[in-house]
Amino acid sequence: MAADNLQTVIVSKETAKTRKAAERVAWEFANRITTSRETATSFRFRQRPPEDFRKGSFRTKKIDGGVSLVYGVLKASAKKKRNPDTYTDEVRFMYGMERKARGAEDGYDLARLAREVEAMDLASVNVRRSVLNTLMARAKGLRLKPTGYKQRDEEDRDRYFKMLLEHPTHPQGELFSNPGKPIRLKNPRTMPDPGPMSWLGTTLEWKWKGGKWENGKEDWLFLWSPKYKAVVAVKCPKKMDKLDKVSRRGGAAKTFERFMSRDPKATYDAEIPACKLVKLGKAEHIVYRSDKWKHGKKTEDYIHEFGKGVEIYCGPSKKDPEVFICFGGKLTATERGLVF
């Protein structure tokens, strides 16, 4: 565990390219991270405020792996503060729940967290109260107001917590709304940045009015962009770096969960070329292969017809495409697959 007089963990950008990756490295040395910031060459993660230390007492220790630790001499008043090394499992759970609650995007995420709280046998009344208040504060930020909840006292809060426990972690209806308000594309000339996307299978065939394309022997990723409510297909990279944690940004993980009815296990990097787009015409159908119902044990082929107003583009050329994008009309993803 980290020393109590550790003030900041500095992670070089040569070691970690992104803030998230750097934070994972920092947690190997810190007991807690209060703030973080980025410089031209590194990411800095503060464990204690500078005010806790004597002026001019800071010293930096460089260790292997592009990590530097900044130590200082604590003031007498700061020494009286509770050392994170002495935190109980319940207090660690409380701080962990605070981090998770900040990342909750809707009632489904909060329902999962409520189940974690219920599974944890919290002996401390104060810790339980703090955790529930954290969930309620996030619920208020998401504008979730169940019947009978006025955020007035503990009785109302506990009633809301009970409601979260009864809330399904997956929607029960066939259709669902994509996270956030999608951006409508109209006649794009170049491939836009689709944002975080869900990998839902392998694209086998596109068909549009007056044309058809088959992928042959190559595997093309069948991706869904919540940002644009669009289907995107690119060639499967030979090497995709598997990241340790699943990214929850942009609703991609949530779309995967609802489409596949299971939790995502990893995040991958795939390059989407920002190339010129060529309009192919009115989209008629798509054929894709997915393990949607078999949970990885077996794949099946699916075909879905598109409705009015759905367009398909490719780039940089029809003869040698690198990317496809299909959007428009009432195109959306559901728990059964793609519909319009």
Is it possible for you to say whether I303 and I286 belong to one hydrophobic cluster, with membership spreading through side-chain heavy-atom contacts below 4.5 Å? no
Can you list everything that forms a side-chain hydrogen bond (donor to acceptor under 3.5 Å, both in side chains) with E38? Sequence neighbours excluded, please. K13
Test of understanding: with side chain to side chain contact (heavy atoms under 4.5 Å, CB included), list the residues that count as partners of A270, not counting sequence neighbours. L221, P237
Measure the CZ-CE distance between R99 and M97 for me, rounded to the nearest 0.5 Å. 10.5 Å
Between F222 and Y288, does the ring centroid distance fall short of 6.0 Å? yes
Which heavy atom of V310 sits nearest a heavy atom of G328, and at what distance? CG2-O, 3.4 Å
Atom pairs and distances, donor-acceptor, side-chain atoms in residues 186-202, under 3.5 Å, two or more places apart:
{"unit_1": "N187", "atom_1": "OD1", "unit_2": "Y313", "atom_2": "OH", "d": "3.0"}
{"unit_1": "D193", "atom_1": "OD1", "unit_2": "G195", "atom_2": "N", "d": "3.0"}
{"unit_1": "S198", "atom_1": "OG", "unit_2": "A252", "atom_2": "O", "d": "2.4"}
{"unit_1": "W199", "atom_1": "NE1", "unit_2": "G201", "atom_2": "O", "d": "3.0"}

What pair of heavy atoms forms the shortest contact from G66 to T15, and how long is it? CA-OG1, 3.4 Å
Looking only at heavy atoms, what is the nearest atom pair of K209 and E284, with distance? CA-OE2, 3.5 Å
Does the K75 side chain pair with the main chain of E51, one donor and one acceptor, at a distance under 3.5 Å? yes
State, with a plain yes or no, whether a side-chain heavy atom of H285 is found less than 4.5 Å away from one of H304. no
How far does OH of Y71 sit from OG1 of T8, to the nearest 0.5 angstrom? 11.5 Å
Is any side-chain heavy atom of V11 closer than 4.5 Å to one of V9? yes
Counting C-beta onward and ignoring hydrogens, is there a side-chain heavy-atom pair between S290 and Y302 closer than 4.5 Å? yes
Distance-only donor-acceptor check, side chains T39 and S42, under 3.5 Å: yes
Closest approach of A22 to F43 (non-hydrogen atoms, all atoms of both residues): CB-CD1, 3.6 Å
Any idea which heavy atoms bring L74 and F53 closest together, and the distance? CD2-CE2, 3.6 Å
Could you measure the distance from the CZ atom of R37 to the CZ atom of R19? Nearest 0.5 Å is fine. 10.0 Å
Could you please spell out the steps behind the side-chain contact (heavy atoms from CB on, under 4.5 Å) verdict for T203 and V231? CA-CA 10 Å; T203 307; V231 179; 5.6 Å; no
Cluster question for you: counting only ILVMFWY and a side-chain heavy-atom cut-off of under 4.5 Å, with indirect links fine, are L204 and W213 together? no
I need the T255 OG1 to W224 CH2 distance, nearest 0.5 Å. 8.0 Å
Taking every heavy atom of Q7 against every heavy atom of P49, the minimum-distance pair comes out as NE2-C, 4.2 Å
With a 4.5 Å cut-off on side-chain heavy atoms, are F93 and V117 touching? yes
Same hydrophobic cluster for F324 and V278, using side-chain heavy-atom links shorter than 4.5 Å among ILVMFWY? no
Less than 4.5 Å apart, side chain to side chain, heavy atoms only: is that true for I63 and F29? yes
Report yes or no: does R138 contribute a side-chain atom to a donor-acceptor pair with the main-chain N or O of T134 at less than 3.5 Å? no
Please determine if E205 and K207 form a salt bridge, counting it only when a charged side-chain N lies under 4.0 Å from a carboxylate O. no
pair I183-K227: side-chain heavy atoms closer than 4.5 Å: yes
Measuring from R184:CZ to F327:CZ, what's the distance to the nearest 0.5 Å? 10.5 Å
Kindly indicate, with the supporting measurements, whether the criterion side-chain contact (heavy atoms from CB on, under 4.5 Å) is fulfilled by F306 and I312. CA-CA 10 Å; F306 291 126; I312 183 170; over 6 Å; no
Are W206 and W220 close enough that their ring centres sit under 6.0 Å apart? no
One thing to verify: whether R289 and E300 come together as a salt bridge, which I'm taking to mean a side-chain N less than 4.0 angstrom from a carboxylate O. no
Measure the CG-OG distance between L223 and S225 for me, rounded to the nearest 0.5 Å. 9.0 Å
Pairwise side-chain contact, E23 with S36, heavy-atom cut-off 4.5 Å (strictly under): no
